[in-house]
Amino acid sequence: MKELEKNYNPARIESELYDRWMSRGYFKAKPNPDKKPFTIVMPPPNITGQLHMGHALDNTMQDIIIRYRRMQGYEALWQPGTDHAAIATEVKVIDSLKKQGIEKEDLGRDGFLEKCWDWRKEYGGRIINQLHKMGSSADWDRERFTMDEGCSEAVLEVFQRLYDKGWIYKGSRIINWCPVCQTSISDAEVIHEDQEGHFWHINYPIVGEEGRFVEIATTRPETLLGDTAVAVNPEDERYQDLVGKMLELPLTGRQIPVIADSYVDKEFGTGCVKITPAHDPNDFEVGKRHNLTEINILHDDATINLPGSKYDGMDRYEARKAMVADLDALGLLVKVVPHTHAVGTHDRCGTTVEPMIKPQWFVKMSEMIKPAVEAVKNGEITLLPQRMEKNFFSWTDNIRDWCISRQLWWGHRIPAYYCADCGEMTVQKTRPEKCPKCGSTHLNQDEDTLDTWFSSALWPFSTLGWPKQTEDLKYFYPTDVLVTGYDIIFFWVIRMIFSGYEQTGTKPFHTVLFHGLIRDSLGRKMSKSLGNGIDPLDVIDKYGADALRMTLVTGNAPGSDMRFYWERVENSRNFANKIWNASRFIMMNLEKASPEQLRAYDVAFGLKPCPANSGDADGTCISCSSVAPLTPADKWILSRVNELIREVTSNLDKYELGIALQKVYDFVWEEFCDWYIEMVKARLWNDDDETHTAAIWTLKTVLVQSLKLLHPYIPFITEEIFCNLLDEGETITVSQMHPDGTVTESESTERSIMISSWPVYREAWNFAKEETEVETIKDAVRAIRTVRTSMNVPPSKKAHVYVVSENAELLDIFERSRAFFAMLGYASEVSLQADKTGIPENAVSTVIAQAAIYIPLAELVDVAKEIERLEKEEARLVGELARVNGMLNNERFVSKAPAAKIAEEREKKQKYEQMMEQVKERLAQLR
RNA sequence: GGAGAUGUAGCUCAGCUGGGAGAGCAUCUGCUUGACGUGUAGAGGGUCGCAGGUUCGAGUCCUGUCGUCUCCACCA
């Protein structure tokens with residue numbers, strides 16, 4: 001047995017322990033028919049990324065769940081990997097090239113991709129190493145990458161399947177275009193933010209009617225150049241006569257018609273809408289209905305594309321300015337009104353996106369989404385917290401086709417091939433030898449790549465080997481729970497669900513556990529621009545990974561954001577130190593009992609089978625040798641820890657991670673450290689005490705159970721203590737639970753908490769009577785402490801304590817717990833008696849149910865103060881009795897409330913009446 | 001414009017299916033008790049946003065209302 005240092009020092013042990021776990025392969029999982037699988041796929045962090053608080057939270061939650069299941073005896077797989085993050089990476093690589101004066105185009109496609117792979121090699125592993133520091137118990141040998149061979153194979157397979165089914169199509173549609181990133185982006189990548197802008201009211205002259213105009217209002221005057229109509233509502237009386245007439249489009253010399261379309265809102269603006277089919281999604285629809293020409297007026301970098309015009313080549317905003325000035329000069333600008341409106345921006349770079357018509361690839365969503373919607377509706381997939389379902393449906397109900405092509409180089413290239421000779425397009429996983437139509441071998445692959453989320457959508461099964469029917473896939477799929485932030489429900493979660501059903505015929509996971517954002521102490525998002533981010537690695541350096549992990553899951557309800565406070569990390573660190581010192585104390589006392597004696601208790605209390613019965617060659621049947629009985633205090637704490645196991649297990653099964661931890665925290669600190677350890681000290685210091693070994697065994701047992709309950713949360717410190725506690729070579733009580741709930745002895749002596757079991761709830765450890773007894777003593781101790789504190793008596797001043805009660809059974813309780821009652825009650829001597837014989841007149845007194853306690857502290861007694869205190873107590877009891885009587889005298893309560901509740905209240909009433917009697921009697925004496 | 005969340009002790013938040021208001025931090029007062037001052041024993045502090053309703057009983061369920069936040073949405 002090693003002696004522990006006085007304070008816990010995480011830095012010293014964390015990396016050492018992690019290396020040990022890795023080298024012993026504790027995190028590895030493989031198909032095992034004797035066990036049930038439990039699988040989590042890690043949301044793949046971007047290769048451009050560094051560990052931030054969001055990752056820390058996400059991975060802590062997953063690690064807690066996977067460690068819990070592993071300890072329960074499941075074959076627990078946590079499948080890790082990283083994401084190629086198409087745009088993010090491409091932008092970063094371009095930036096770094098620019099610093100060297102190199103443009104992407106200079107390198108060519110292959111040269112550029114080489115740089116991307118270099119980037120991946122250099123930075124892709126960084127975040128993985130950072131996750132190791134968190135203690136993440138993923139099976140790192142299985143680390144995958146969205147662009148590795150297998151995942152790419154899955155992507156191509158899915159693309160072809162959907163294409164063959166007619167669910168992937170190529171079409172010229174209006175899409176969101178980012179002029180800075182020079183690529184299309186999906187609807188989900190557009191953020192609508194309110195911006196202060198203007199409403200420009202412009203007159204369009206009516207052809208052939210000198211001096212008559214149609215007034216339109218627009219927030220983007222530059223799009224005027226692409227107008228091909230003006231629309232009014234067909235019901236709008238004001239403009240009936242205009243429909244069909246032609247207008248002169250200012251600045252262009254073109255003429256455009258007035259059309260009627262119900263899309264126009266009569267009430268809004270002037271009721272006349274300019275229609276620019278090439279640069280507005282609504283106008284695009286209107287244009288299709290009325291067969292309007294689509295005039296593209298923008299280059300890809302959002303400069304004006306109108307050869308021959310003075311605006312050609314101008315930036316979109318420059319052109320806006322120039323055009324407004326020109327319209328004003330022509331007298332066609334009616335007015336400019338300030339107007340705030342929603343502007344679409346690119347979530348990566350913040351650039352205002354331009355709707356443009358481009359040939360792009362789309363996934364048809366209307367059919368594919370159906371099984372996903374059904375699964376969430378019928379509970380096959382559970383979203384936690386449940387309110388996330390609303391979010392989910394709001395998206396699925398309004399789903400539009402998914403634009404999946406990106407004009408980027410970094411990503412999975414679209415497997416479409418065009419014949420240079422006849423123009424035929426062929427879509428297939430592998431490059432065709434020749435054109436199926438004309439036989440030409442001049443084939444060019446589509447330049448575009450796929451949306452990053454196309455590959456992440458396959459992550460739960462592509463990482464397990466799909467499309468091959470691997471053993472891993474058969475065993476570990478469908479996975480169990482997905483843990484992620486609510487911010488990517490649309491990007492990722494939904495797409496995984498529909499892809500799972502479509503490609504594998506089943507759900508990718510049965511539960512999604514959402515968490516919120518970690519904000520700074522002022523409630524702001526942590527961001528680089530604000531500089532308010534807190535680096536998890538800093539926290540680990542200062543306080544240890546356990547403290548960080550604990551902080552992240554304490555007092556945090558699922559799906560809601562939480563603020564980060566250093567004080568909370570300190571509190572977590574303090575808890576670690578607390579359990580460290582409790583262990584230190586226990587280990588200091590452990591050697592006072594022999595391993596054989598402790599083993600005998602293990603057998604007697606069901607932690608170990610009887611060697612005789614199990615045919616152990618040891619020779620001695622220790623189960624038959626008697627052990628000294630446990631005291632009420634021992635049984636009390638065992639009973640408490642047992643109940644704790646039941647509750648925590650149930651909480652964890654429901655993914656209530658914060659609640660479960662809070663319960664263990666309270667138990668360890670208050671019940672175990674503040675009460676039980678204090679209760680036991682007298683016995684430990686008294687070598688003649690025959691319950692000595694019982695105390696040591698109980699201490700060790702409760703500690704071990706607590707460590708196991710805590711291990712998923714704070715793996716490092718619990719492992720360190722566990723290893724020190726259970727000496728190498730010593731056969732100690734570590735059992736392993738099989739999935740069917742049976743407990744067997746573990747074979748290995750070189751074991752760690754990693755492979756030891758999650759503790760099992762034991763009927764035999766329920767000691768209701770002892771629980772009540774100990775609660776009684778605790779009440780008495782608390783009452784004594786309160787009295788003494790109110791009179792400023794230091795603990796060093798011991799006093800004779802008299803417990804007076806006519807209830808002999810009650811006195812027996814005190815008799816049974818006399819030793820620790822005396823110690824905790826600062827008693828020099830304890831007298832238990834039925835009347836007040838021998839108690840000095842001027843003793844201080846206090847009252848518990850059915851008993852009065854007297855403490856002669858003659859020189860300290862202040863009668864006035866004593867009366868004051870007793871009157872306060874009396875007032876409290878009057879209140880309590882009023883409440884109880886109010887209920888019990890209410891006929892409707894008595895007739896309708898559950899019987900158990902009524903009995904409970906009756907019991908309380910009795911207790912309060914007895915206490916009241918005692919208080920009154922004492923007051924009468926003093927007055 | 002829709003939808004959701006939230007309002008509980010000075011601060012940050014827990015409070016599961018309705019049955020006597022909790023934690024951490026902060027504040028005040030004791031403690032050189034042989035694990036821990038990163039500790040320990042006590043204390044003060046809340047009409048659970050407001051108003052109704054259901055119920056024997058509401059922080060918890062329903063309705064309305066006020067405040068704060070978030071998400072979604074093509075009103076030019």
Side-chain angles (χ1 to χ4, degrees), chain A residues 4 6-8 174 192 199 216-220 223 231 263-265 267-276 280-285 339 341-342 344 355 385 387-388 390-391 393-395 398 486-487 489-490 516-517 521 523 543 554-557 559-565 567-568 570-589 650-651 654 656 658-659 662 665-666 673-674 677-678 681 685 782 785-796 823-824 826 879-880 883-884 886-887 890-898 900-901 904-905 908:
Chain A
L4 301 180
K6 185 169 173 185
N7 281 335
Y8 171 58
I174 194 140
H192 295 272
F199 240 152
I216 58 92
T218 179
T219 54
R220 295 187 299 157
T223 60
Y263 147 70
V264 179
D265 180 353
E267 312 300 322
F268 192 82
T270 61
C272 302
V273 184
K274 62 193 273 303
I275 302 296
T276 324
D280 183 283
N282 298 304
D283 295 4
F284 179 79
E285 299 295 326
H339 179 64
H341 60 132
R387 68 182 132 90
M388 291 299 168
K390 295 247 178 195
N391 258 340
F393 293 128
S394 80
W395 176 266
N398 302 302
Y486 61 76
D487 49 333
I489 181 167
F490 307 127
L517 265 45
S521 60
Y543 294 97
T554 309
N556 187 8
S560 45
D561 295 349
M562 90 184 266
R563 301 188 190 194
F564 184 91
Y565 283 90
E567 292 87 334
R568 299 186 40 185
E570 269 176 47
N571 186 240
S572 304
R573 186 270 320 263
N574 293 353
F575 178 72
N577 191 60
K578 185 71 184 176
I579 192 160
W580 181 261
N581 272 288
S583 308
R584 201 160 80 96
F585 172 80
I586 291 166
M587 285 162 69
M588 281 163 48
N589 288 284
S650 147
N651 286 129
K654 290 184 277 184
E656 295 167 346
I659 294 174
Q662 189 67 50
Y665 178 101
D666 289 344
C673 291
D674 290 346
I677 290 183
E678 295 305 319
K681 280 180 176 170
W685 295 336
R782 271 193 286 251
R785 284 171 177 170
T786 307
V787 172
R788 291 176 58 115
T789 301
S790 76
M791 306 183 79
N792 276 329
V793 187
S796 51
M823 187 157 163
L824 300 187
Y826 312 103
E880 296 289 6
R883 195 192 66 84
V884 174
M887 286 173 94
N890 182 341
E891 266 179 46
R892 285 182 298 185
F893 172 76
V894 179
S895 62
K896 292 191 176 178
K901 179 70 190 163
E904 191 186 320
E905 294 302 326
K908 281 181 195 166

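As the structure is a prediction and not an experimental result, all values here were calculated from the model. Below, all heavy atoms of this structure are taken into account, side chains as well, without hydrogens, waters or symmetry copies. Here is the naming used below: chain letters follow the sequence lines, and residue numbers restart at 1 for every chain.
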Quick one: label A/Asn890 by what it contacts on the DNA or RNA (base, sugar-phosphate, nothing), any heavy atom closer than 4.0 Å.
sugar-phosphate
Counting Watson-Crick and G-U wobble pairs only, both distances under 3.5 Å, name the nucleotide matched with B/A35, or none.
none
Can you tell if the side chain of A/Glu905 reaches within under 4.5 Å of the side chain of A/Val894, non-hydrogen atoms only?
no
Within the structure shown, what part of the strands sits under 4.0 Å from A/Pro898 by heavy-atom distance: base, sugar-phosphate, or nothing?
base
Can you tell if the side chain of A/Thr218 reaches within under 4.5 Å of the side chain of A/Val273, non-hydrogen atoms only?
no
Phosphate-side-chain proximity, A/His341 and B/C75, N/O vs OP1/OP2 below 4.0 Å
no
Among B/C13, B/U40, B/C72, the nucleotide that comes nearest once only the side chain of A/Asp674 is considered:
B/U40
Rounded C1' spacing from B/A23 to B/U63 in Å:
33 Å
Roughly how far apart, to the nearest Å, are B/U8 and B/C61 at atom P?
16 Å
Can you tell me which nucleotide in B/U40, B/C56, B/A35 comes closest to the side chain of A/Ala897?
B/C56
Can you tell me how far C1' in B/G2 sits from the matching atom in B/G49, rounded to whole Å?
25 Å
Pair assignment for B/G57, Watson-Crick or G-U wobble, requiring both distances under 3.5 Å:
none
Using purine N1 to pyrimidine N3 plus N6-O4 or O6-N4 for Watson-Crick, or N1-O2 and O6-N3 for G-U wobble, both under 3.5 Å, which nucleotide pairs with B/G22?
B/C13
4.5 Å side-chain heavy-atom contact, A/Glu570 and A/Tyr565
no
Can you tell me if A/Arg387 touches the phosphate of B/G4, counting only side-chain N or O atoms and a distance under 4.0 Å to OP1 or OP2?
no
Tell me whether the OP1 or OP2 atom of B/C13 has a side-chain N or O from A/Arg563 closer than 4.0 Å.
yes
Out of B/U40, B/A43, B/G24, minimum distance to the side chain of A/Thr786 belongs to B/A43
Taking N and O atoms by type only, does the side chain of A/Glu678 place a donor or acceptor under 3.5 Å from a partner on the base of B/A35?
yes
For nucleotides B/C69 and B/C13, find the distance between their C1' atoms and express it as a whole number of Å.
16 Å
Of the listed nucleotides (B/C36, B/U55, B/A76), which one gets closest to any side-chain atom of A/Arg584?
B/C36
Do the side-chain N or O atoms of A/Thr789 get closer than 4.0 angstrom to the phosphate oxygens (OP1, OP2) of B/C31?
no
B/G52 pairs with which nucleotide, Watson-Crick or G-U wobble, both distances below 3.5 Å?
B/C62
Looking at side-chain heavy atoms only, is the closest gap between A/Thr554 and A/Phe575 below 4.5 Å?
no
Which listed nucleotide (B/C36, B/A76, B/C11) is nearest to the side chain of A/Tyr263?
B/A76
Report yes if the side chains of A/Tyr665 and A/Ile579 come closer than 4.5 Å at any heavy-atom pair, otherwise no.
no
May I ask you to say what A/Lys390 touches in the nucleic acid, namely base, sugar-phosphate or nothing, with a heavy-atom cut-off under 4.0 Å?
sugar-phosphate
If you look at every strand shown and take non-hydrogen atoms under 4.0 Å, does A/Arg782 touch a base, only sugar-phosphate, or nothing?
sugar-phosphate
Take atom P in B/G53 and the same atom in B/G57, then report the distance between them in whole Å.
12 Å
State which of B/G19, B/G4, B/A23 makes the closest approach to the side chain of A/Met887.
B/G19
Check the orientation of A/Phe199 and A/Phe268. Use parallel for under 30°, tilted for 30 to 60°, and perpendicular for over 60°.
tilted
Any base atoms under 4.0 Å from A/Lys654, or only sugar-phosphate, or nothing? Heavy atoms, all strands.
nothing
Against the side chain of A/Arg892, the closest entry in B/C56, B/A76, B/G19 is B/C56
At less than 4.0 Å, is any side-chain N or O atom of A/His339 found next to OP1 or OP2 of B/A76? Yes or no.
yes
Same-atom distance (P) from B/G45 to B/C31, integer angstrom:
24 Å
Give a yes/no answer on whether the side chain of A/Asn792 brings an N or O atom under 4.0 Å of OP1 or OP2 in B/U29.
no
pair A/Glu285-A/Tyr263: side-chain heavy atoms closer than 4.5 Å:
no
Between the base of B/C74 and the side chain of A/Asn282, is there a donor-acceptor distance below 3.5 Å?
yes
A/Trp685-B/G34 aromatic stacking (under 5.5 Å, under 30°):
yes
Among the candidates B/C31, B/A35, B/C75, find the nucleotide nearest to the side-chain atoms of A/Ile677.
B/A35
Could you tell me how the ring of A/Trp395 sits relative to the ring of A/Phe490: parallel (under 30°), tilted (30 to 60°) or perpendicular (over 60°)?
parallel
Under a 3.5 Å limit for both distances, which nucleotide forms a Watson-Crick or G-U wobble pair with B/A5, could you say?
B/U68
With both distances kept under 3.5 Å, what pairs with B/U29, Watson-Crick or G-U wobble?
B/A41
By nearest atom, which of the nucleotides B/U12, B/C56, B/C25 is closest to the A/Phe893 side chain?
B/C56
Upstream residue (5' side of RNA chain B) when A/Tyr826 and A/Tyr486 are each assigned their closest nucleotide
A/Tyr826
For atom C1', what is the distance between B/U68 and B/A26, given to the nearest Å?
24 Å
For A/Arg573, answer base if it contacts any base atom (sugar-phosphate contacts may also be present), sugar-phosphate if it contacts only those atoms, and nothing otherwise; contact means non-hydrogen atoms under 4.0 Å.
base
Separation between the P atoms of B/C50 and B/G7, rounded to whole Å:
13 Å
Closest approach to the side chain of A/Asn571, judged atom by atom: which nucleotide of B/G15, B/G24, B/A35 is it?
B/G24
